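Below is one structure, written out as structure tokens; comments come after it.
Quantities reported herein were computed from a predicted structural model and do not represent experimental measurements. Quick note on labels: first sequence line is chain A, next is B, and so on, each numbered from 1.
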Amino acid sequence: MQRSTDHVRIQEEDFSMEAEVNAIRVTSQRIGGIATFLGCARDFSDNGVVSAIHFEQYASMAETAMQDLRKQALQKFDIIEVRIIHRVTTVVAGEQIVLIVVAAEHRASAFDACRWVIDTLKQYVPIWKKEVCSDIPKLCFDATPTPLH
Amino acid sequence: MQRSTDHVRIQEEDFSMEAEVNAIRVTSQRIGGIATFLGCARDFSDNGVVSAIHFEQYASMAETAMQDLRKQALQKFDIIEVRIIHRVTTVVAGEQIVLIVVAAEHRASAFDACRWVIDTLKQYVPIWKKEVCSDIPKLCFDATPTPLH
Amino acid sequence: MSIQVLFFGVIAEQQKTKALTIHGEDGMTVAKVMAKLGISPSKALLIAVNEQQQHDIEFPVHDGDEVAIMPPFSGG
Amino acid sequence: MSIQVLFFGVIAEQQKTKALTIHGEDGMTVAKVMAKLGISPSKALLIAVNEQQQHDIEFPVHDGDEVAIMPPFSGG
């Protein structure tokens, strides 16, 4: 069971950026800078107009991968804390998808780590998006269709 | 008179990160990523333990410099919106000082612009901090004392 | 022995299922599991065995293992 | 002519005031304004004339101008 005190969460519900940032901010007065990245659902992609995005996960593996991502970030960068939240549900354009929060004594490390976490999450965590395109009658995939056979 | 709808503000009052981010988020469904930087008051510096930080500004020039900073960022980077808020008051350790919010279609531009804005703000906007150090009986300055005479 | 195979994203749609069980010899490779399912090896496919990503399709699987065949991740 | 001079941060503390008015010839340079105040030019000092930062202390000032003498900025 994931709780709002957990630094790594995959959840259906929306999240409050302020609550997530404050949860980290109050943990240490050594924090000089907090860099965040908030990913939102855009209303377009290479496939055309996007009316919604559905996210699917390989639940057990995704949870482990995100925990590992946090641990790697804490080892790799001179930072104090990292929080990673990813929604797995259907979101409409404008809605929040993913939030990375990195607190550090100095801003350079906070920025470096925040960017590394979101870049690496995309490569490393088994979550997939499927875009629902309103100008195409069928569902369309974000990723290049994978050749089978 | 500055209002919460203004993208550039220097103010005494604290701010709500979520309110500031949402004010930008609702303006465009083209936004795919929002990078933020939140600067907080640390409880230490090179001068020792810091119990509070007082900020002072050259008000008219600071306001113009921050507006100019926003315009430069919008020209220089492929981004949708920038918001810059700096408090000018006395803050205690743990409190919020400055917030940069950058919204873009793609995360790389959002990160680049956010980092550029906070780095440039420190060089470009006439605001000064004075640290109140609790282990030293007198006020101490963050900046190297400027030689006069 | 039996192996649980999981499909995700476009692979699940193409396989028309999210999971199935296959039977074979203990120690058979991931490549052989894929061959049994009629899936050609491809750099565009990601494989995990027991939730650990495996880049070598000659990786052997054993009774009770869980093999996931996945399209490129696209979260975030 | 008269020039309004503003001091900030540690400069204001050293000058024991935040603002004063000085008088002189029209077109006098920022360097001369500083000399009148007993402030030596220094790379650690920033200068603004009418809210525009000026890097050349030979910049001329005119009646009614506002000259700011500032320590390095330290906001953020």
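Side-chain contact between Pro126(B) and Phe8(D): absent, with no pair of heavy atoms (C-beta onward) separated by less than 4.5 Å. Using a 4.5 Å heavy-atom threshold, the side chains of Lys18(D) and Glu56(B) count as touching.
Contact of Leu46(D) with chain B is not made at all, since no heavy-atom distance falls under 4.5 Å. Looking at Thr64(B), the atoms closer than 4.5 Å to chain D (heavy atoms on both sides) all sit in the side chain, from C-beta outward. For chain D, the nearby part of Phe55(B) is the side chain; its heavy atoms alone come within less than 4.5 Å.
Atom OH of residue Tyr124(B) and atom CD of residue Gln53(D) lie 8.0 Å apart, to the nearest 0.5 angstrom. Here the straight-line distance linking atom CD of Glu13(D) with atom NZ of Lys130(B) works out to 4.0 Å at 0.5 Å rounding.
Interface check for chain B: of the options Pro41(D), Ala48(D), Gly75(D), the most heavy-atom pairs under 4.5 Å are formed by Gly75(D).
Summarising the local packing, CG of Asp56(D) is surrounded by more than 12 heavy atoms from other residues, nucleotides or ligands at distances under 6.0 Å. Residue Asp78(B) qualifies as open at atom CG: its count of foreign heavy atoms under 6.0 Å is 12 or below. By the 6.0 Å contact criterion, CD on Glu25(D) is open, its count of non-hydrogen atoms from other residues, nucleotides or ligands being 12 or less.
Taking all atoms of both residues into account, the shortest heavy-atom contact from Lys129(B) to Gly76(D) is NZ-O, 4.3 Å. Heavy atoms only, all atoms of each residue included: Gln123(B) and Phe73(D) are closest at O-CD1, 3.3 Å. Shortest non-hydrogen contact noted between Ala68(D) and Tyr58(B) is CB-CE2, 3.4 Å. Closest heavy-atom contact between Glu51(D) and Met61(B): O-CG, 3.3 Å.
Below 4.5 Å, heavy atoms of chain D meet heavy atoms from Ile97(B), Val98(B), Ile118(B), Leu121(B), Lys122(B), all part of residues 94-122 of chain B. Heavy-atom neighbours of chain D within the stretch residues 27-40 of chain B, taken at a separation under 4.5 angstrom, are nonexistent.
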